[in-house]
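Computed over heavy atoms, backbone and side chain alike; hydrogens, waters and symmetry mates excluded. On a predicted model such as this, the values are computed, not experimentally measured, just so you know.
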Amino acid sequence: MLSIYNTLTGKKEPFQSLQPMSVRMYVCGVTVYDYCHIGHARSALVFDVIRRYLEFSGYQVEFAKNFTDVDDKIIKRAHERNVSCDTITTEFIEAYYQDMGKLGIRRATEEPKATEHMVEIIDLVGTLIQKGLAYEVAGDVYFQVEKYQPYGRLSKRKLEDLQAGARVEVDGRKRHPMDFALWKSSKPGEPSWESPWGPGRPGWHIECSAMSMKHLGETFDIHGGGMDLIFPHHENEIAQSCGATGKEFARYWVHNGFVQINQEKMSKSLGNFFTIREIFEKSKWPEAETGEMLRYFLLATHYRGPLDFSDKSIEEAKNALNGFYDLFKRLHEKEESTTADKGLTGVIERCKVAFNEAMDDDFNTPMAIAELQRLKSDVNKLLSQGLSTEAQDTAKKEFRRLGNVLGLLQLDKWQFGNIPAPDIPIRIGRLEGLGGDPGLVQPKFFQPRTALSDEQIEQQIAERLDAKKKKNFPKADEIRKFLASQGIVIEDKPDGTSRWKR
RNA sequence: GGCGCCGUACCCAAGUGGUUAAGGGAGCAGUCUGCAAAACUGCGAUGCAGCGGUUCGACCCCGCUCGGCGCCUCCA
């Protein structure tokens with residue numbers, strides 16, 4: 001039985017979908033005016049895994065994730081570059097797909113854009129005015145928070161408290177300082193749409209209400225996003241949606257924690273963020289392997305907790321993954337035997353159960369990973385005792401099947417072949433910068449790459465094999481040492497040949 | 001000022017009101033090996049920030065304190 005932590009109630013609750021074996025979920029995507037950083041990646045990944053697990057559990061999942069493509073920041077960026085907003089949003093939506101694709105994040109079943117839902121948005125604003133929950137002031141429309149009695153139930157804030165701490169200058173035209181814009185009259189040079197209140201554009205929150213209702217219905221199962229969206233974004237969505245329909249909006253509210261650098265939230269003002277793009281461009285590892293390391297790293301912490309991004313954590317993810325892929329390499333290398341076949345069923349069965357229990361418990365991916373590790377250890381033992389070809393296949397398939405829920409262990413090869421160094425200068429970031437000058441630290445995975453080509457390595461290995469045959473061990477060791485100095489590890493197999501890895 | 005999160009071994013990180021506090025990484029020792037690597041075996045928190053309280057019993061529940069952080073403006 002799946003249970004999910006619901007921000008709305010502050011508790012873990014048994015998950016009950018509205019319709020049997022079908023889940024409808026909506027996740028707030030990104031505002032497309034810039035490249036995504038790893039914080040965006042975490043959020044996208046968390047919900048990708050939730051979706052995968054729901055499907056794995058037999059649910060049919062309708063998954064909507066929006067792109068916010070009307071916004072002040074987009075307008076500003078367009079002006080800076082002297083292009084249209086459309087140019088900006090198209091570019092960054094494309095970049096989003098590329099970046100998230102490298103992390104193995106699947107596309108949602110619906111990916112609505114605000115600009116394509118003006119009719120629905122205007123309708124919804126109209127309804128809110130009709131119901132007396134919103135009012136117009138000179139072409140702007142505001143939601144009147146005092147008219148929605150339960151306002152604050154998601155973020156657990158009271159209107160009075162919010163007022164006291166308000167850091168923003170109050171707009172005198174609003175009836176209450178917390179009233180928020182549903183519709184903004186447009187200024188010259190801004191994109192605008194015709195509406196009953198004159199030309200304008202939607203406020204930030206309304207698009208999600210309009211689009212989720214259109215694609216998923218007035219009430220749906222799961223609504224998610226980053227923790228920072230709880231207030232005001234999701235609070236306002238609830239007010240608008242419930243106000244308009246009189247029905248419950250989303251039933252389970254799921255929020256992921258932040259990625260931090262040295263215990264601080266990543267932010268542009270601190271200069272301590274890394275875009276997904278630059279991590280891939282400058283990683284000294286190949287793309288697919290880098291993607292999997294990042295994925296492992298991001299899932300090795302529970303989605304609600306904070307997560308510190310550092311060199312070391314990526315390196316640890318790599319080492320942990322090595323263990324799995326090393327095992328995959330060794331499968332089918334050993335002489336056949338059926339000695340341990342009987343034991344395999346048991347360990348796989350136990351792993352399946354434990355894996356499901358972990359994921360059922362509020363998507364506990366760190367625990368699910370721990371179960372895969374345990375299976376790895378078990379299979380290693382059985383393999384050394386002897387497994388038949390069929391059993392070895394079964395084991396690998398099980399790793400792939402469960403790993404797929406997390407989007408891990410799907411690569412055909414785990415090989416750190418040499419790749420050309422980037423011609424972009426390597427950026428100096430703040431990673432691992434504790435104590436020293438934070439501006440002068442360079443992440444290790446951004447360091448220059450090995451120069452030896454695969455062919456050169458193979459050649460060396462062949463020479464060493466030859467030396468070994470002639471019992472010229474000093475020479476064999478010398479070659480081993482040389483390759484080691486280049487970051488190449490040789491593993492001799494029982495049959496006398498060798499495999500290698502970077 | 002209000003709301004909230006985090007503090008578990010060298011590092012990362014799960015977890016439970018009561019049998020041995022997962023797992024990974026690193027480390028050390030051993031088996032294996034021409035030497036290695038991998039794998040396997042063993043070692044490693046008498047304690048889960050501190051102090052009180054509830055309880056037969058708390059790391060887990062409650063309160064306070066300390067330390068770190070987030071939100072209340074845009075933010076995954």
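Nearest to the side-chain atoms of A/A476 among the listed nucleotides B/rA38, B/rG34, B/rA76 stands B/rG34. Closest to the side chain of A/E316, out of B/rC12, B/rC74, B/rA38, is B/rC12. Of the candidates B/rG34, B/rG15, B/rC72, the closest approach to any side-chain atom of A/R157 belongs to B/rC72.
Taking atom OH of residue A/Y5 and atom C1' of nucleotide B/rG15, one finds them 17 Å apart after rounding to whole Å.
Contact annotation for A/R42: no contact, since no heavy-atom pair falls under 4.0 Å across all strands. When heavy atoms are screened at a 4.0 angstrom cut-off, A/K468 is found touching base atoms of the nucleic acid. Contacts of A/R374 with the nucleic acid, taken as non-hydrogen atoms under 4.0 Å apart, involve only primed sugar atoms and P, OP1 or OP2. Across all strands shown, A/V46 has no heavy atoms under 4.0 Å from either base or sugar-phosphate atoms. At a threshold of 4.0 angstrom between heavy atoms, the contacts of A/E315 with the nucleic acid are absent. A/D477 comes within contact range of at least one nucleobase, with a heavy-atom separation under 4.0 Å. Using a 4.0 Å heavy-atom criterion, one finds that A/K156 contacts the sugar-phosphate atoms exclusively. If you check every strand for non-hydrogen atoms under 4.0 Å, A/S377 touches sugar and phosphate atoms only. Residue A/N256 is classed as a base contact, given a heavy-atom separation below 4.0 Å to a base. The residue A/F231 sits close only to the backbone: its heavy atoms come under 4.0 Å of sugar-phosphate atoms, none of a base. Note on A/I490: a base of the nucleic acid sits closer than 4.0 angstrom, heavy atoms only. Heavy atoms of A/G257 sit under 4.0 angstrom from at least one base atom. Contacts of A/G225 with the nucleic acid, taken as non-hydrogen atoms under 4.0 Å apart, involve only primed sugar atoms and P, OP1 or OP2. Counting non-hydrogen atoms under 4.0 angstrom, A/H302 reaches the backbone sugars and phosphates but no base.
Between A/D326 and A/R330 there is no salt bridge, since none of the side-chain N atoms of the basic residue sits less than 4.0 Å from a carboxylate O of the acidic one. Salt-bridge formation is detected for the pair A/D99/A/R277: a Lys NZ or Arg NE/NH1/NH2 atom is positioned less than 4.0 Å from an Asp or Glu carboxylate oxygen. In this structure, A/D492 does not pair ionically with A/R499, as no charged nitrogen and carboxylate oxygen lie closer than 4.0 Å. Electrostatic pairing of A/E207 and A/K113 does not count as a salt bridge here, judged by no charged N lying under 4.0 Å from a carboxylate O.
For A/Q149, the CD atom sits in a loose shell: 12 or fewer heavy atoms of surrounding residues, nucleotides or ligands are nearer than 6.0 Å.
A/E292 and A/Y325 form a side-chain donor-acceptor contact under 3.5 Å, judged by distance and modelled atom types alone. Checked by atom type, the side-chain pair A/D362/A/Y303 shows a donor-acceptor distance below 3.5 Å.
For RNA chain B, runs of at least 3 consecutive pairs of the Watson-Crick or G-U wobble type, with both hydrogen-bonding distances under 3.5 angstrom, map to B:1-7 with B:66-72, B:10-12 with B:23-25, B:27-31 with B:39-43, B:49-53 with B:61-65.
Remark: the A/Q373 side chain and the B/rG24 base include no donor-acceptor N/O pair separated by less than 3.5 Å. Interface remark: the A/R304 side chain does not form any donor-acceptor pair with the B/rC5 base, using a distance-only criterion of under 3.5 Å. In the interface, the side chain of A/D492 is paired with the base of B/rC35 through a donor and an acceptor atom under 3.5 Å apart.
Taking only side-chain nitrogens and oxygens, A/N364 comes nearer than 4.0 Å to OP1 or OP2 of B/rG15.
With both ends at atom P, the span from B/rA38 to B/rA49 equals 35 Å, rounded to whole Å. Spacing of P atoms, B/rG25 relative to B/rG42, comes out at 15 Å, to the nearest Å. Of the C1' atoms belonging to B/rU55 and B/rC60, the separation is 13 Å, rounded to the nearest Å.
For A/D72, the side-chain hydrogen bond (donor to acceptor under 3.5 Å, both in side chains) criterion is met by A/R201, not counting sequence neighbours.
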